[in-house]
Amino acid sequence: MGKHKSPARYSAAGLAWRGLRNKSWPRVWREPELKSAYDVVVIGGGIHGLATAYYLASNHAITNVAVVDKAYLGSGGSGRNTAIVRSNYLTPEGVAFYDRSLDLYNTMSTDLNINVMFSERGHMTLAHTDSALRTMNWRAEVNKLQGIDSSVIAPDEIKKLSPSLDTSPNTRYPILGALYHPPGGTIRHDAVVWGYARAADAYGVDLHQKTEVLDILCEGGAGPNGKGAGGKVTGVRTNRGDIHAPVVVNCTAGWASTIASMAGVRLPITTHPLQAAVTEPVKTFLPTVIVSGSLHVYVSQTDRGELVFGASVDPVANYDMKGTLEFTEELAGHVLELMPGLSKMRLMRQWAGLCDMTPDYSPVMGPTPVDGFLVDVGWGTYGFKAGPVSGEQMAACIAHESMPDLIAPFVLSRFTDGTLVGEKGAAAVGH
Amino acid sequence: MLLVPCPNCGPRNASDMSYGGEPHSRPDPNTASPEQWRTYLYLRDNESGWITEKWYCSSGCRKHFKLERHTLTGELRNPPLPGNKTGGHK
Amino acid sequence: MTTRLPAQPNEVIDRSKPLAFTWNGKKMRGFEGDTITSAILANGEHIISRSMKYHRPRGVLTADFWDPNTSVQVGDEPNVRASHRALVAGMAVSAQNVWPSLKYDAKAANGLVGRFLTAGFYYKTFMKPAKMWPAYERVLARFAPGGKVDLDTPHGYHDKRYAHPDVVVAGGGPSGLAAAVEAARAGASVMLVEHEHDLGGHLRWGSNDDADALAGLVAEAESAGVEILTNSTVTGRYEDNWLAIAQRNHPIAVERLIKARAKVLVVAPGLIERPYVFAGNDLPGVMTSGAVRRLIAMYAIRPGNRAVVLTANESGDAAIDELERAGIEIVKVIDARTGATVTKASGSKSRVKAVTCSDGSIVDADLLVTATGWTAPTSLLNMSGDRPVYDPASARFFADSPPDNVLTTGGIAGDGNRDELISHGRSTGRLAAARAGVARHRIQAATTRATAVDGPEPAYPDDTRSPLGRDPHPELFRSTSHGMVDFSEDISSKDLFGAAAEGFDSVELLKRFTTATMGPSQGKLETVNTVAVLAEARGETLAEVGTTVWRPPYAPIALGALAGRVFEPVRVSSIQPWHEANGSTPILAGQWVRPEHYGAPQQEVRNTRANVGITDVTPLGKLDLQGPDVAKLLSQLYTNKWMQLAIGSVRYGIMCAEDGVVLDDGVTGRLGDEHYLMTTTSSGAGGVWNWIENWLQTEHPEWQVHVTPVTTGLTSINVAGPNSRELMSRLVGDDIDLDPDAFKYMQVRTGTIAGVADCVVWRIGFTGELSFEIHVPSGHGLHVWETLLGQGESLGVAPFGLEAQRIMRLEKGHFIVGQDTDGLSKAPTTGMIGLLKFDKDDWAGKPEVAWALEGDYPRIVAIQPTDPSIVPDEACQILREGTKDIVGRITSSRFSPTLDRAVCLGQVTPEFAGPDTTLTVQLVNGEQITARVMQHHAHFDPEGERLRG
């Protein structure tokens with residue numbers, strides 16, 4: 001099956017032609033009717049869900065696919081993250097997985113014909129203690145063996161790369177070194193959502209916004225209504241009607257447990273808000289992404305001049321995304337520890353997203369005890385980085401009905417086998 | 001910031017407290033199967049709605065206590081607190 | 001040309017106090033009371049900035065905090081809101097978004113190609129060639145708006161304040177003022193927070209009667225004891241009325257964060273006047289009615305010479321009167337209530353010259369005043385969980401159902417004349433005070449220890465206020481032409497139509513795609529127009545389209561104010577002054593600063609092994625445990641047995657979490673029948689305390705154990721080396737017998753040391769030497785340390801630091817939790833299999849440790865590089881020979897002065913853990929070396945003869 005239709009190609013020439021003729025662009029995706037049956041229903045219209053649908057269509061010719069989202073596309077973590085990408089993880093399985101994602105990001109603008117503005121500006125994780133430095137060295141050594149450009153650099157080199165950092169030795173949290181990862185950087189997250197949505201739509205995938213899943217339909221399981229272990233999925237019930245489908249994929253990040261419970265599946269997940277904030281714009285001065293695990297902060301400057309800040313997840317489990325004052329206070333304190341010259345910049349907006357945290361800081365992917373019900377959840381604070389590769393691998397998992405090697409370590413059953421993934425050894429901040 | 005009602009110290013900022021998450025009963029360590037034990041270790045209800053959870057008055061009296069909180073609205077009940085007519089609060 | 005008018009009756013400028021300042025280097029003068037823009041306007045200039053994308057000239061639009069194109073650089077401070085910031089003598093003010101100058105901006109050429117730079121254009125181009133994107137990106141980044149950060153900006157002094165007022169009133173207009181007065185009169189403690197420099201809201205630019213009424217209210221507020229904060233903003237409302245207030249008028253702190261836990265919040269921010277969307281609406285000379293009224297009444301500025309007024313409400317009508325009174329010619333009034341409107345403002349690049357009306361007439365004018373409606377600033381309501389509802393009859397949003405402890409009054413609650421607004425405010429204040437009273441009662445009654453609660457809980461007061469009315473207002477958002485919707489982001493209604501047609505047709509998608517409402521005013525001026533244009537594009541109502549959620553902060557707040565004084569103290573032992581005076585190199589270890597060494601760590605090791613060394617180990621976590629059930633607790637926490645530990649003995653133990661992962665380790669000694677002292681790792685002290693309390697309170701509340709943390713209460717000194725017993729003998733009192741048969745290895749004694757009573761001494765051997773660890777009441781720590789040095793001079797005593805400690809423990813093969821173990825290391829990995837007592841009924845993590853033993857857990861082993869001179873870096877990976885397969889890593893590595901060779905600990909898979917296995921270690925430089933797995937963890941004295949001596 002080929003492409004359903006060819007979308008109007010984005011290009012400078014197209015911009016000029018339409019500009020001259022005062023002609024607007026065609027719709028970026030259709031508003032299709034909700035069909036009563038699909039081969040695959042993907043729950044969650046974020047990067048993971050859309051990428052899964054796109055790769056099902058593009059790599060496996062499975063196009064009778066619906067993506068449903070209770071709000072608008074990219075309304076969850078995909079549009080709330082701080083858009084940082086990197087592959088300098090701690091474990092070989094983590095490195096291989098995220099590096100594939102970085103590969104897909106690298107060619108995404110041309111693959112999807114939308115400029116996702118990948119800014120390969122380099123990523124620095126600062127170490128303020130000798131134990132942090134030891135962890136950086138550990139990551140660098142593992143990274144090098146996997147062919148990842150990653151090394152530990154000294155304060156003078158850090159200062160050269162980012163002059164706004166205070167690298168003097170007499171601060172409360174002296175900068176002793178940094179794990180430097182030149183291929184890391186930032187990407188315009190919304191463009192990734194729209195790129196996958198537009199490309200999936202072009203293959204005939206139906207994107208249904210404002211379509212909320214109220215229940216998952218099952219039969220044969222041990223629990224009530226045929227749900228739970230041993231059963232199989234038959235479809236979903238939405239606010240717009242029932243959809244029959246033999247395969248249902250849960251790509252809902254923060255709401256992963258809620259959706260899974262509809263199929264009678266319990267997950268090793270707690271949901272915590274992750275907050276972020278942005279300053280008023282100033283002329284660009286910060287060329288790299290800066291992360292400090294000890295100070296629980298990461299910062300980058302957008303091309304619009306705003307500083308984008310993030311921190312570690314809130315300690316209290318919550319589905320509420322209102323945000324806290326304490327987050328902004330601690331954040332500002334720690335940013336000024338690193339860059340004292342910014343005290344007159346102003347915080348303009350704070351927001352939060354929901355993170356589905358797992359015990360071993362690694363995702364849960366693939367089959368569940370309910371046949372046909374798959375998960376792509378547990379993304380914690382690293383879901384954005386993993387979006388493309390997750391979609392690609394989940395699509396392969398669905399098409400071949402088996403776990404691809406790249407995501408085999410992330411299977412749900414590891415929590416009963418006790419074979420957890422070793423990323424927990426890495427720094428507390430996952431960015 | 002949430003006001004958390006410690007039974008000894010009264011309502012205090014949540015930053016004075018440590019969060020303990022969902023309570024779960026501990027299986028007998030001598031007879032538990034790996035599946036039972038790991039269910040205790042890892043699996044969570046993680047409900048969006050009313051939950052019972054553990055708190056620890058770590059900067060105050062060091063009391064461990066439970067309360068009921070709505071994870072979507074932030075309301076507390078049992079014990080209720082000051083804000084609203086109904087005694088719940090946001 | 002804008003100029004200063006003659007004295008106005010209620011002007012806020014003080015003409016007796018001229019202030020000199022510069023604008024783009026040009027010398028100018030204003031008066032005290034001026035804002036930066038009113039002073040610039042008074043000097044005849046009206047272009048304040050260039051717009052973000054098209055670099056169009058922009059001037060004053062709203063003349064208040066939200067004025068979208070009036071951000072300027074003042075010295076090292078970027079993004080100063082010039083229509084709000086008070087002029088100060090000597091200010092160096094410059095325009096921000098210009099190149100090379102405000103008047104001749106080269107980037108204005110973007111305006112010519114604007115039709116190609118539609119919203120989101122950058123998503124559609126610059127994709128090929130891919131390698132060119134970084135170059136494109138640099139060009140785009142050059143268009144970043146905003147001022148310039150001076151990286152040498154000093155961290156200003158910002159303190160913070162905590163407040164616990166009964167009632168906080170956000171907004172000091174007539175309603176807010178009246179609410180504050182009545183709440184205070186009813187006995188509530190009240191903070192009144194006004195965003196602008198003076199109280200009064202719109203009364204400040206009203207009639208003389210308004211001015212009199214305002215003066216009366218202010219006097220009432222002062223006499224009622226209301227705390228008044230002007231030029232301050234409630235920037236955030238968080239859970240349970242936890243409020244962030246940015247105070248900008250503090251005499252010392254440039255900007256101060258007040259954190260207030262209010263029992264009731266009264267939201268009274270008034271209304272924000274909405275700009276009107278039409279062609280040319282961003283030309284300098286187009287202003288809101290509020291702007292011209294402020295400029296004339298408060299700053300005596302003549303905003304133009306020939307005015308057209310588009311009015312749909314009383315504010316527009318009042319602006320006509322004000323303009324006439326100031327002698328400005330009104331060339332045309334367009335009454336929007338009759339359906340007439342403006343379709344276009346045209347002019348030179350820098351100023352309105354003509355206005356086209358909907359009747360087709362074209363009028364020459366240099367000032368166009370619009371009064372087309374209001375935006376309710378519902379930010380604090382959003383933060384309270386409310387989702388305001390649109391009322392088409394009044395053309396604005398109103399609160400839906402805020403929590404009971406959040407009340408609204410004033411313009412956000414409805415319309416009314418001055419007396420009605422004040423009356424509503426007063427009844428709101430009374431309600432707020434009454435509800436605060438109930439909250440106060442509940443807080444007092446909330447603790448089990450509450451004794452002095454005044455009577456039964458008062459009845460919760462219902463809201464019996466007579467509501468304010470709602471004046472009808474035409475829905476006026478956009479004329480028949482396209483104009484700017486977002487002035488800070490340069491987004492026009494045409495951009496929004498285009499984006500909606502492309503499918504970005506929900507308000508959130510539209511916002512994200514176009515960036516409308518994402519700029520510095522964060523939607524205060526733009527949100528409703530954005531929603532209205534989208535509704536128009538979709539053929540729906542505003543209510544159907546819905547609105548975006550306004551997020552904190554309400555107004556931007558300085559990072560310095562949020563950070564406050566960064567207060568993260570370090571911990572030091574009582575001996576630290578001696579360390580500093582004696583050449584120690586400090587090292588930061590967790591919260592502690594401690595001596596890393598005193599110049600030559602290798603020599604410190606040699607001296608300790610040859611003579612005697614002393615080291616400060618105060619950061620060791622120490623917990624005093626007392627009660628009949630301590631042994632049960634220890635048995636529950638440690639993997640080994642504790643029920644038979646004799647008084648006077650110490651024992652080493654490992655603690656696991658419930659998943660079997662090693663949590664902490666240390667020695668615990670039994671000092672008396674029901675009295676134990678536990679030591680933990682330095683970084684684990686707090687966690688272990690919490691862990692103990694958790695077991696005691698949730699699993700075994702029947703156990704009687706009292707826990708007291710004594711880490712800093714005791715100064716700890718380790719005395720190690722062959723001469724340590726002799727040295728100790730010179731210090732101990734008669735109450736401690738040091739005879740090897742009386743005080744054996746792994747025993748504890750309490751007694752007098754250097755004249756200090758109540759010391760604890762135990763014989764343990766982390767360094768592998770005969771050693772005594774002394775715990776001294778901290779007040780005497782330095783004394784004992786100095787006495788040890790003095791008495792030990794003839795024995796060759798010398799201090800040693802953390803580095804020598806680490807070398808000696810590595811020589812002995814002692815692992816460190818968190819360094820040689822990691823987040824997945826279960827107890828068997830440590831090799832301490834003998835300490836895992838499965839015949840004990842229960843201990844934390846027991847099942848997982850048992851299952852781990854059956855599997856292929858990684859092993860900690862001692863490793864020695866074949867070439868004794870090569871010291872691999874910690875974290876070097878161990879590979880399967882000839883491959884890149886990781887089979888382990890070096891976790892600790894040092895050069896051993898005792899053995900004159902490199903010694904290591906590492907974690908390896910079982911296959912590589914056997915003694916004499918040859919390992920391949922990859923160094924940081926990529927080179928590979930071989931190393932050997934040793935028989936014992938201890939590289940030195942594996943039989944432990946020295947420490948038992």
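Both backbone and side-chain heavy atoms feed into the values below; hydrogens, waters and symmetry mates do not. Letters go in sequence order (proteins before strands), and every chain restarts at 1.
A donor-acceptor pair under 3.5 Å is absent between the side-chain atoms of Arg44(B) and the main chain of Leu267(A), judged by distance alone.
Contacts between Asp356(A) and chain B at a heavy-atom distance below 4.5 Å are absent for every atom of the residue. Neither the backbone nor the side chain of Trp37(B) comes within contact range of chain A; no heavy atom of the residue lies under 4.5 Å from a heavy atom of that chain. Residue Tyr19(B) touches chain A through its side chain alone, counting heavy-atom pairs closer than 4.5 Å. Looking at Leu325(A), there are no atoms closer than 4.5 Å to chain B (heavy atoms on both sides), in backbone or side chain. Of the two parts of Thr416(A), the backbone and the side chain both hold a non-hydrogen atom closer than 4.5 Å to a non-hydrogen atom of chain B. Contacts between Ser261(A) and chain B at a heavy-atom distance below 4.5 Å are absent for every atom of the residue. No part of Asn13(B) comes within reach of chain A, as not one of its non-hydrogen atoms sits under 4.5 angstrom from that chain.
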Assess whether side-chain contact (heavy atoms from CB on, under 4.5 Å) is satisfied between Ile269(A) and Asn46(B), documenting all intermediate values. CA-CA 7 Å; Ile269(A) 283 175; Asn46(B) 192 32; 3.7 Å; yes

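Checked against Asn318(A) for a side chain to side chain contact (heavy atoms under 4.5 Å, CB included), the options Thr71(B), Leu2(B), Leu72(B) give a single hit: Thr71(B).
Side-chain contact check for Glu47(B) versus Thr258(A): every heavy-atom pair is 4.5 Å or farther apart.
Across Lys322(A) and Thr73(B), no two heavy atoms sit closer than the pair NZ-O, 4.2 Å.
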